Amino acid sequence: MRRIPRLTTSRRARTLSALMVLMAGLVAIGGHAGEAVSADLPGGRPAPLAATTRLVCASGCGDWDYRTITAAVNASSSGDAIHVAEGTYNETVNVQNKSLTILGGYSTDWGTPDPQVYETIIDAESGRSAIRLVSEGGNNTGTVDGFTVRGGNSSGQGGGFWVSGYRATISNNWIHDNQAGYGGGISVKDAIGVTIEDNLIEDNTSTADGGGIRVEEATVSIIGNSIRSNRGSYGGGISVRNSTATVDDNSVRRNVAESGGGGMQFILGSTGLIHNNQLVLNRAGANPGGGGIHFWRCSAEYGGAPQFVGNTVTDNTADNAGGGLNIEDSAPLVEDNVITENQAGDHGGGISVIVGSAPTIVDNLIAYNTSSVKAGGIWSYDSAPLIRRNEIVDNQAPTAGGIHLTGSVGFEITNNIIARNKATIEGGGIHLTSNSRGNIINNTLVSNNLGAGGEAINCRNDSRPRIANNILVDHTYGVRVKDQAVPTVEYNDVWNSSIANYDGVSGNPGHISCNPQFVNTGAGDYHLTLGSCVIDNGTQTGAPTSDFDSDPRPLDGDEDGNAAWDRGADEFFNPVWVTKDVDNQVLEPGDSVSFTIMYRNNSASTATEVVISDDLDVWLIDVDYFYTGPTLEEEGNDPYVWTVPDGLAPGEEGTITINARVDPSLPTPQAITNKVTFQMNGYGPFEDEVLIIVGGLRTNAPAVLNDCAQ
């Protein structure tokens with residue numbers, strides 16, 4: 001019995017809604033045969049002309065049924081449906097210039113289809129593409145749903161499916177053990193509006209690109225699939241070239257590319273949204289790399305800049321560059337991803353950026369990645385990356401544990417937390433070589449000293465960065481300069497260096513050396529506390545207008561009436577910390593949802609007059625809550641208002657969890673906003689909010705909608 005992803009109720013309903021109409025018409029006319037004489041019908045008898053649903057079964061069927069899918073396709077006209085009973089069909093299916101709905105998973109009583117129970121196999125027996133969907137004018141639309149597709153072998157396009165010009169929906173299929181020159185499982189070319197959804201695509205091979213799926217010069221949505229153990233020269237799981245693709249909510253695991261893009265590749269002007277995917281345990285060969293994903297020539301210059309947002313990229317391997325991501329001559333947005341435990345044989349354990357690339361790398365967790373030679377976290381060569389608001393922590397390489405820049409001009413490293421990275425030779429935090437020039441401003445670097453290369457920032461080989469408004473804590477050297485490098489170094493706080501705060505350069509103007517007083521260094525919380533020595537004394541020259549949490553800069557953190565820039569990644573502006581999170585941002589009417597409020601007193605004194613309020617939307621019903629931490633008193637429930645009668649001690653924190661259900665009668669689609677406010681000691685209110693999407697907007701929902709007030 002095959003194991004394939006189950007369609008959700010809503011997806012299956014969409015697939016079957018049109019078919020219920022067809023079945024009702026079938027019952028009304030009392031028949032189900034074809035419209036024309038077929039050699040596969042006993043006696044070659046003609047079927048009633050009004051019928052639009054044709055039934056196929058391999059054996060033991062009625063006189064009016066077809067014995068092969070091909071016979072039913074040949075007898076059909078555009079708009080017809082073909083229902084196929086369980087069994088093995090040793091054939092290749094060719095749909096050309098017809099709009100057809102072809103569904104497997106039926107028993108011979110022709111009730112509701114269930115592909116899990118009534119497995120319907122199309123075995124091409126190595127003949128050619130198992131299923132071909134071709135529309136020469138691009139005007140045909142159709143669906144293939146509920147089949148096991150295997151044994152396809154095409155020297156050209158598409159071992160399992162070949163889609164050309166056809167507006168196809170390929171859903172709920174198990175596509176395995178097919179092979180082709182291009183697109184071992186599925187190949188799509190010169191088509192628009194193609195949807196590939198809820199399929200299991202595994203163990204397919206391509207001698208060129210796209211072991212699992214290949215898309216060329218097309219517009220495609222790839223949603224909710226499991227794509228695993230496929231192999232190709234490029235793009236082991238998915239290959240997208242010169243196309244627009246939405247790749248959402250897929251599991252992409254254990255795919256192999258002999259060259260680049262173990263999990264995926266986007267190349268040659270491809271654009272679109274790559275969102276909420278799991279890229280795990282994929283592998284890329286020696287050149288160009290990209291164990292999780294490889295981008296090549298994807299920028300405005302080439303006609304497209306994709307967005308890589310909200311993905312998990314973990315345990316991928318590249319023999320050469322970019323264990324997680326390899327970005328080559330491209331400018332994608334890389335935002336809000338978890339990039340962890342990837343490995344590179346040469347450089348860029350987490351991310352490799354090379355050859356004229358200009359990606360925006362923002363709000364990512366880049367952690368526990370390793371490289372055998374250079375740059376455990378991020379490698380940049382001859383490129384100008386914008387690296388903003390990331391946590392770059394616990395990465396490792398011989399040279400440059402966190403970030404390595406070589407020959408990179410125009411880069412920006414701003415508002416990042418760079419901590420606990422390890423270099424066994426040099427450059428624990430940031431390492432610059434070969435005339436690299438750009439800005440390193442308002443970052444917090446802590447304890448990048450876990451190996452011999454314990455420098456926070458190491459400059460070599462004529463590099464000329466501007467290093468300003470940073471906090472550099474617990475290193476062998478704060479800023480170290482060699483080999484004719486001439487950085488501009490000003491307004492940094494360098495503290496607790498074991499050898500020297502500066503080597504080969506002066507820290508003036510604006511140098512200070514003091515404990516910045518983080519909230520909790522041991523727990524990795526590098527927000528500033530009330531009274532920190534780095535508040536309101538940085539330089540505004542070239543400084544960013546927001547901080548690590550997207551809070552605005554500058555703010556009057558010391559309350560002297562003059563707002564000025566703080567040093568480091570955090571702009572201090574209030575003595576409390578409050579966030580609002582939700583367990584599921586994408587819901588349907590009737591679904592349950594859970595919100596979590598987290599709050600903490602970051603100040604050095606007990607907080608009094610603490611008030612927390614939460615205004616729930618009227619469409620959220622059956623509400624209850626529980627809390628942990630200090631005792632709360634409920635003052636009202638429309639909206640909910642709580643007080644903390646005993647106050648909050650320094651560092652004390654608590655949570656409130658609110659459980660609710662979406663009203664089943666809610667009209668959809670609809671967005672619901674939920675906001676928490678917090679105030680204490682006359683400070684505030686401070687706010688955070690989340691957005692949930694109800695009904696039909698899943699693939700357009702942003703990955704993260706929280707803004708922490710910190």
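Residues take their numbers from the sequence shown, with the count starting at 1. Keep in mind that this is a model prediction, so the values were computed, not measured.
- Residues passing the salt bridge (Lys or Arg N to Asp or Glu O under 4.0 Å) test with Asp209, sequence neighbours excluded: Arg214, Arg241.
- For His347, the ring pair (Phe, Tyr, Trp, His ring centres under 6.0 Å) partners at least two apart in sequence or on another chain are Trp379.
- Between the side chain of Asp566 and the backbone N or O of Phe572 there is at least one donor-acceptor pair closer than 3.5 Å.
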(request) Apply the test side chain to side chain donor-acceptor pair (under 3.5 Å) to residues Gln343 and Thr317: give CA-CA distance (whole Å), side-chain angles for both, the deciding distance (0.1 Å), then the verdict. (result) CA-CA 5 Å; Gln343 303 175 33; Thr317 302; 4.8 Å; no

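- Judged by distance alone, with hydrogens and angles left aside, the side-chain atoms of Asp525 form no donor-acceptor pair with the main-chain N or O of Thr521 at under 3.5 Å.
- With respect to the salt-bridge test (charged N to carboxylate O, under 4.0 angstrom), the residues Asp536 and Arg567 do not qualify.
- Of the possible polar contacts, one joining the Asn282 side chain to the Val252 backbone as a donor-acceptor pair under 3.5 Å is found.
- You'll find the side chain of Ile441 reaches within 4.5 Å of the side chain of Arg466, heavy atoms only.
- Between Arg600 and Glu652 there is no salt bridge, since no side-chain N of the basic residue sits under 4.0 Å from a carboxylate O of the acidic one.
- Under the 3.5 Å distance criterion, with hydrogens and angles disregarded, a donor-acceptor pair is assigned to the side chains of Ser380 and Ser408.
- You'll find the side chain of Asn435 stays beyond 4.5 Å of the side chain of Ser463, heavy atoms only.
- With sequence neighbours left out, Arg253 forms a side chain to side chain contact (heavy atoms under 4.5 Å, CB included) with Arg228, Ser251, Val280, Leu281.
- Atoms CD1 and CG, on Ile417 and Asn443 in that order, are 8.0 Å from each other to the nearest 0.5 Å.
- In this structure, the separation between OG1 on Thr433 and CG on Leu405 is 8.0 Å, given to the nearest 0.5 Å.
- Ion pairing between Glu426 and Arg460 holds under the 4.0 Å rule for side-chain N and carboxylate O.
- With Thr340 contributing its side chain and Ala367 its backbone, the two residues share no donor-acceptor pair below 3.5 Å.
- Side-chain contact of Arg254 with Asn316: a donor-acceptor pair under 3.5 Å is absent, judged by distance alone.
- Two residues are said to be in side-chain contact when any heavy atoms from C-beta on lie closer than 4.5 Å; Asn439 and Pro465 fail this criterion.
- With hydrogens and angles disregarded, no donor-acceptor distance shorter than 3.5 Å links the side chain of Asn364 to the backbone of Glu391.
- Proximity of a side-chain donor or acceptor of Ser371 to a complementary backbone N or O of Lys374 within less than 3.5 Å is detected.
- Between Tyr599 and Phe678, the angle of the ring planes lies from 30° to 60°, which puts this pair in the tilted group.
- Under the 3.5 Å distance criterion, the side-chain polar atoms of Asn449 are left unmatched by any main-chain donor or acceptor of Thr476.
- Using a 4.5 Å heavy-atom cutoff, the side chains of Ile512 and Asn537 are in contact.
- Although no hydrogens or angles enter the test, the distance criterion places a donor-acceptor pair under 3.5 Å between the side chain of Asn337 and the main chain of Phe308.
- You'll find the ring centres of His294 and Tyr234 outside the 6.0 Å limit.
- Looking at Ser233 and Ser259, their side chains never bring a donor and an acceptor atom within 3.5 Å of each other.
- Residues Thr271 and Tyr302 form no side-chain contact, since every pair of their non-hydrogen atoms from C-beta on lies 4.5 Å or further apart.
- Side chains of Ser352 and Asn326: a donor on one and an acceptor on the other come within 3.5 Å.
- Side-chain contact between Pro359 and Leu333 is absent, with no heavy-atom pair separated by less than 4.5 Å.
- The backbone N or O of Ser357 sits less than 3.5 Å from a side-chain atom of Ser383, completing a donor-acceptor pair.
- Side-chain atoms of Asp549 and His527 form a donor-acceptor pair, as typed in the model, at a separation below 3.5 Å.
- Looking only at distances, no side-chain donor or acceptor of Arg297 sits under 3.5 Å from a matching main-chain atom of Leu268.
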(message) Let's go through Asn320 and Asn287 carefully: what are the C-alpha distance in whole Å and the side-chain angles of both, what is the deciding distance for side chain to side chain donor-acceptor pair (under 3.5 Å) to 0.1 Å, and is it a yes or a no?
(response) CA-CA 6 Å; Asn320 183 31; Asn287 188 30; 4.6 Å; no

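- The shortest side-chain heavy-atom distance between Asn277 and Val247 falls under the 4.5 Å cut-off.
- In this structure the side chain of Arg480 never reaches within 4.5 angstrom of the side chain of Cys459, judged on heavy atoms.
- Just one residue in the list Asp394, Asn448, Asn369 forms a side chain to side chain donor-acceptor pair (under 3.5 Å) with Asn421, and that residue is Asn448.
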(request) Check the pair Thr406 / Ser434 against side chain to side chain donor-acceptor pair (under 3.5 Å), numbers first and verdict last. (result) CA-CA 5 Å; Thr406 184; Ser434 303; 3.2 Å; yes

(request) Decide yes or no on side chain to side chain donor-acceptor pair (under 3.5 Å) for Asn469 and Asn442, but give the supporting numbers first. (result) CA-CA 5 Å; Asn469 277 4; Asn442 274 108; 3.2 Å; yes

